[in-house]
Amino acid sequence: MVRVRFAPSPTGYLHIGSARTFIFNWLFARHNAGTMILRIDDTDVERNTRESLDSIFEGLAWLGLDWDEFYRQSERGKLHTSLANHLVGRGLAYRDFAPARTADDGAPEAGAAGWLFNPEMRELSQGESDARAASGEPFVIRFRVPRDAGGVVTFRDAVYGEQSKSTSDIEDFALLRSSGVPTYHMASCADDIDLKITHIIRGQDHLANTFKHVLLFEAAGAPVPQFAHLPLLIAPDGAKLSKRKHGPVVSVTSYRDAGFLPEAFINFVALLGWNPKDDREHLNRDELVAAFTLAGVNKSNAVINFSEQEPFDPKAVWLNGQHIYKLPAAQLAPQLAPFLRSAGLEADEGKVLAVTPLIQERIRLLRDVVSVADFFFLEKLAPYDPAELIPQKGDRAMALRVLEKAHQLLAAVEFIHPAIESAFRAAAEELHVKAGQMFLPVRVAVCGRKNAPPLFETIEVLGREVSVQRVGEAIGKLQGTAL
RNA sequence: GGCGCUAUCGUCUAACGGUUAGGACGGAGCCCUCUCAAGGCUUAAAUACGGGUUCGAUUCCCGUUAGCGCUACCA
């Protein structure tokens with residue numbers, strides 16, 4: 001039975017890299033009919049925030065990804081400390097009474113002599129250790145890394161293969177802080193053991209920590225889970241993604257706010273560091289679940305390609321356009337409406353549904369609906385230059401002739417788009433203008449711009465009254481200007 | 001500094017010793033077309049460098065270089 005967990009620490013917003021880790025775990029769990037666990041790793045009380053927790057829930061809710069079990073590490077402290085104390089009791093960990101050594105206050109450089117552990121503390125007699133603890137002297141509990149000559153820790157990573165590291169390169173890491181609060185390593189392993197996690201799928205930044213974890217699992221007498229480390233997501237400059245440096249692209253909510261479809265986002269992110277081994281790029285959620293295996297995960301970091309001009313990876317945007325295009329209009333329309341409304345447009349449900357098929361293949365982000373379809377919802381068209389009404393190789397007189405003819409037709413014709421179109425094509429012939437010369441002035445009159453959805457469907461949706469009125473206004477504009 | 005990991009078009013990636021090094025996004029061009037899209041076709045664009053091993057290396061080994069990660073009483 002597969003049991004996997006996503007274990008974010010609530011310090012910040014839901015990062016795209018974290019979201020990807022969740023997605024990979026989730027896909028793996030669902031593919032294997034296993035259990036997905038969400039565990040909040042909040043042992044570092046000082047850095048946790050409520051907002052951050054909320055943003056994790058918010059992001060996952062948007063993605064529509066679920067989990068089967070939920071835990072909060074801070075509520076499981078007893079489990080962690082008791083395992084730490086158990087290890088002390090068995091001589092596998094020890095109390096260290098030395099003052100904290102941090103990088104800035106003179107800790108020995110990693111690799112330098114005396115870096116791995118403080119022999120004085122490591123070899124303290126049981127009696128003295130107990131006495132000093134009893135006297136209230138503060139201490140941290142450190143793992144006693146085996147120091148046999150030639151000792152090596154090994155494990156097999158599902159992505160990176162056989163891994164090994166000499167124990168002489170592993171320090172006696174802390175398990176419990178002097179405050180008694182467990183460290184990440186302790187809490188994480190104790191929980192992984194207790195929750196019977198079978199596969200640990202996480203960022204590659206934990207690869208080097210894994211040797212410590214293997215040691216801890218073994219010391220606790222627990223089976224060592226399978227590991228799969230994921231290549232990291234990085235910025236175009238090669239740096240890791242940070243909100244301060246790279247802006248909103250790193251936050252999941254900004255994808256939502258720009259109008260990505262959750263399924264498209266998942267599709268895009270799944271393809272970063274994983275591929276289905278065939279040429280498919282567009283995969284829906286079920287297809288991803290069916291195709292996902294750890295064997296398809298690759299080893300090198302993936303760049304999310306964005307810039308000031310293009311705030312989102314062009315491939316993500318393209319993929320989103322594909323997902324939008326494939327979505328039934330009835331499902332898309334309700335997702336479009338909020339973007340229209342927040343732009344101050346009155347987005348009547350029925351009208352949005354009627355407009356949707358006309359713009360579906362013209363938008364790549366949901367928010368594009370505003371710039372593409374605003375004129376459907378505007379009472380009064382935004383002002384445009386009357387010169388726009390003049391067709392190619394035509395002049396003001398031609399525009400006027402065309403518009404006047406259109407004005408008559410629109411008032412009389414049967415108001416369905418094939419009928420409108422054939423009437424217009426016949427009129428073009430009658431007026432001795434090309435179809436394009438006939439259509440352009442009308443398009444501008446009705447949409448207020450040269451680039452728009454197909455003319456006749458647009459007119460049909462707009463309705464007779466509005467269309468006639470707008471063409472009339474265009475005639476007025478043209479007459480009122482000398483061009 | 002020490003330890004670990006990685007290295008194919010600009011970007012995401014395929015090719016588990018033998019391919020004209022494939023696909024996708026983006027770029028360029030053409031076609032389709034009432035504009036814009038969408039779609040179709042064509043095209044430019046990559047194996048970091050140097051040594052091995054091999055009849056034959058993108059692929060295996062070593063070194064160099066570069067990037068990333070870990071090296072806390074952060075996670």
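Per chain, numbering begins at 1; letters A, B, ... match sequence-line order.
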*Asks:* With rounding to whole Å, what would you report as the distance between B/G39 and B/A15 at their P atoms?
*Replies:* 26 Å
*Asks:* Write down the distance between NE2 (A/His206) and C1' (B/C68), rounded to a whole number of angstrom.
*Replies:* 15 Å
*Asks:* To the side chain of A/Arg443, which of B/C74, B/C34, B/G23 is closest?
*Replies:* B/C34
*Asks:* Give a yes or no on whether the ring-centroid distance for A/Phe312 and A/Phe260 is below 6.0 angstrom.
*Replies:* yes
*Asks:* Please determine, for B/A38, whether a Watson-Crick or G-U wobble partner exists with both distances under 3.5 Å, and give it or none.
*Replies:* none
*Asks:* Considering every strand and a 4.0 Å limit on heavy-atom distances, what is the contact class for A/Gly273: base, sugar-phosphate, or nothing?
*Replies:* sugar-phosphate
*Asks:* Identify which nucleotide among B/A75, B/G69, B/G26 has an atom closest to any side-chain atom of A/Gln204, counting heavy atoms from C-beta outward.
*Replies:* B/G69
*Asks:* Check whether any side-chain heavy atom of A/Ile420 sits under 4.5 Å from a side-chain heavy atom of A/Leu410, and report yes or no.
*Replies:* yes
*Asks:* Would you mind pulling out the nucleotide paired to B/U19, Watson-Crick or G-U wobble, both distances under 3.5 Å?
*Replies:* none
*Asks:* Can you confirm whether A/Asp191 sits close enough to A/Tyr71 that some side-chain heavy atom of one is under 4.5 Å from a side-chain heavy atom of the other?
*Replies:* no
*Asks:* Between B/G10, B/C70, B/G23, spot the one nearest the side chain of A/Asn305, thanks.
*Replies:* B/G10
*Asks:* With nearest nucleotide decided by heavy atoms, which residue, A/Val159 or A/Phe139, maps closer to the 5′ end of RNA chain B?
*Replies:* A/Val159
*Asks:* It should be established whether A/Arg280 places a side-chain nitrogen or oxygen under 4.0 Å from OP1 or OP2 of nucleotide B/C12.
*Replies:* no
*Asks:* Side-chain contact, heavy-atom cut-off 4.5 Å: A/Tyr384 with A/Val444?
*Replies:* yes
*Asks:* For B/G18 versus B/G67, give the span between their P atoms, rounded off to a whole number of Å.
*Replies:* 33 Å
*Asks:* Take atom NZ of A/Lys434 as the centre, draw a 6.0 Å sphere, and report whether it contains more than 12 heavy atoms from other residues, nucleotides or ligands.
*Replies:* no
*Asks:* Report the distance from atom CZ of A/Arg177 to atom C1' of B/C73, rounded to the nearest whole Å.
*Replies:* 6 Å
*Asks:* When the nearest nucleotide of RNA chain B is assigned to A/Ser179 and to A/Leu440 on a heavy-atom basis, which residue is associated with the more 5' position?
*Replies:* A/Leu440
*Asks:* What's A/Thr183 touching, base or sugar-phosphate or nothing? Going by heavy atoms closer than 4.0 Å.
*Replies:* sugar-phosphate
*Asks:* Return the value, rounded to whole Å, for the distance between atom CD of A/Glu388 and atom P of B/U35.
*Replies:* 16 Å
*Asks:* Can you figure out which of B/G4, B/A14, B/G26 approaches the side chain of A/Asn275 most closely?
*Replies:* B/A14
*Asks:* If B/G26 has a Watson-Crick or G-U wobble mate with both distances under 3.5 Å, name it; if not, just say none.
*Replies:* none
*Asks:* Is there a side-chain contact between A/Arg425 and the phosphate of B/C34, meaning an N or O under 4.0 Å from OP1 or OP2?
*Replies:* yes
*Asks:* Using the P atom on both, measure B/G22 against B/U6 and round to a whole Å.
*Replies:* 26 Å
*Asks:* I want to verify a distance call: between B/G39, B/C25, B/G22, whose nearest atom is closest to the A/Trp318 side chain?
*Replies:* B/C25
*Asks:* Would you say that A/Leu124 contacts A/Tyr94 through its side chain, given a criterion of any heavy-atom pair below 4.5 Å between the two side chains?
*Replies:* no
*Asks:* Taking CG from A/Asp313 and C1' from B/U13, how many angstroms apart are they, rounded to a whole number?
*Replies:* 13 Å
*Asks:* Return the nearest nucleotide to the side chain of A/Leu455; candidates are B/A75, B/G69, B/C34.
*Replies:* B/C34
*Asks:* For a quick check of understanding: with a heavy-atom distance under 4.0 Å over all strands, which category does A/Phe268 fall into, base, sugar-phosphate or nothing?
*Replies:* nothing
*Asks:* Calculate the interatomic distance between A/Tyr160 atom OH and B/C68 atom P; express it in whole Å.
*Replies:* 15 Å
*Asks:* Provide the distance between the two P atoms, one in B/U19 and one in B/C12, to the nearest whole Å.
*Replies:* 26 Å
*Asks:* What nucleotide among B/A75, B/A38, B/C3 has an atom nearest to a side-chain atom of A/Lys165?
*Replies:* B/C3
*Asks:* Classify A/His229 by what it touches in the nucleic acid, base, sugar-phosphate, or nothing, heavy-atom distance under 4.0 Å.
*Replies:* nothing
*Asks:* Out of B/A24, B/C5, B/U71, which has the shortest distance to the side chain of A/Lys315?
*Replies:* B/A24
*Asks:* Can you confirm whether A/Leu462 sits close enough to A/Arg470 that some side-chain heavy atom of one is under 4.5 Å from a side-chain heavy atom of the other?
*Replies:* yes
*Asks:* Is the distance between the ring centroids of A/Phe24 and A/Trp274 under 6.0 Å?
*Replies:* no
*Asks:* Given the C1' atoms of B/C70 and B/C49, what is the spacing between them in whole Å?
*Replies:* 27 Å
*Asks:* Closer than 4.0 Å, any side-chain N/O of A/Gln163 to the OP1 or OP2 of B/C5?
*Replies:* yes
*Asks:* If you define the side chain from C-beta out and look only at heavy atoms, does anything of A/Thr458 sit under 4.5 Å from A/Phe375?
*Replies:* yes
*Asks:* In terms of side-chain heavy atoms of A/Val140, which of B/A38, B/C73, B/C70 is nearest?
*Replies:* B/C73
*Asks:* Give me the distance, rounded to whole Å, that separates B/C9 from B/A44 when you measure between the C1' atoms they each carry.
*Replies:* 10 Å
*Asks:* How long is the line joining CZ of A/Phe211 and P of B/G2, in whole Å?
*Replies:* 18 Å
*Asks:* Going by purine N1 to pyrimidine N3 plus the second Watson-Crick contact, or the G-U wobble pair, all under 3.5 Å, which nucleotide sits opposite B/C32?
*Replies:* none
*Asks:* If we call it a pair only when both distances are under 3.5 Å in a Watson-Crick or G-U wobble match, what pairs with B/C60?
*Replies:* B/G52
*Asks:* Quiz question: going by heavy-atom distance under 3.5 Å, is there a donor-acceptor pair between the base of B/A75 and the side chain of A/Asn209?
*Replies:* yes
*Asks:* Can you tell me how far C1' of B/A75 sits from CE of A/Met186, to the nearest Å?
*Replies:* 15 Å
*Asks:* Strictly below 4.0 Å, heavy-atom distances to any atom of RNA chain B: list the hits from residues 290-303 of chain A, or just say none.
*Replies:* A/Asn298, A/Lys299, A/Ser300, A/Asn301, A/Ala302, A/Val303
*Asks:* So what does A/Pro138 touch, heavy atoms closer than 4.0 Å: a base, only the sugar-phosphate, or nothing?
*Replies:* nothing
*Asks:* Measure the distance from CZ on A/Phe155 to P on B/C3 and round it to the nearest whole Å.
*Replies:* 17 Å
*Asks:* Please walk me through it: do A/Tyr160 and A/His229 pass ring pair (Phe, Tyr, Trp, His ring centres under 6.0 Å)?
*Replies:* CA-CA 7 Å; A/Tyr160 291 93; A/His229 287 89; 7.2 Å; no
*Asks:* Using the C1' atom as the reference point in each nucleotide, state the distance between B/G52 and B/U59 in Å, no decimals.
*Replies:* 15 Å
*Asks:* For B/G4, give the paired nucleotide (Watson-Crick: N1-N3 plus N6-O4 or O6-N4; G-U: N1-O2 and O6-N3; both under 3.5 Å), or none.
*Replies:* B/C68
*Asks:* Just to confirm, is there a sub-4.0 Å distance from OP1 or OP2 of B/C73 to any side-chain nitrogen or oxygen of A/Arg142?
*Replies:* yes
*Asks:* Between B/A57 and B/A48, how many Å separate the two P atoms, rounded to a whole number?
*Replies:* 15 Å
*Asks:* Give the ring-plane orientation class for A/His323 versus A/His282, where under 30° counts as parallel, over 60° as perpendicular and anything between as tilted.
*Replies:* parallel
*Asks:* For this output row, return yes or no: ring centroids of A/His206 and A/Phe211 closer than 6.0 angstrom.
*Replies:* no
*Asks:* The side chain of A/Glu281 is closest to which nucleotide in this list: B/G23, B/C34, B/C5?
*Replies:* B/G23
*Asks:* Look at all strands and tell whether A/Ala452 reaches a base, only sugar-phosphate, or nothing, counting heavy atoms closer than 4.0 Å.
*Replies:* base
*Asks:* Tell me the partner of B/C9, counting only Watson-Crick (N1-N3 plus N6-O4 or O6-N4) or G-U wobble (N1-O2 and O6-N3) with both under 3.5 Å; none if nothing fits.
*Replies:* none
*Asks:* Are OP1 or OP2 of B/G26 and a side-chain N or O of A/Gln309 less than 4.0 angstrom apart?
*Replies:* no
*Asks:* Heavy atoms under 4.0 Å, any strand shown: does A/Lys434 hit a base, just sugar-phosphate, or nothing?
*Replies:* nothing
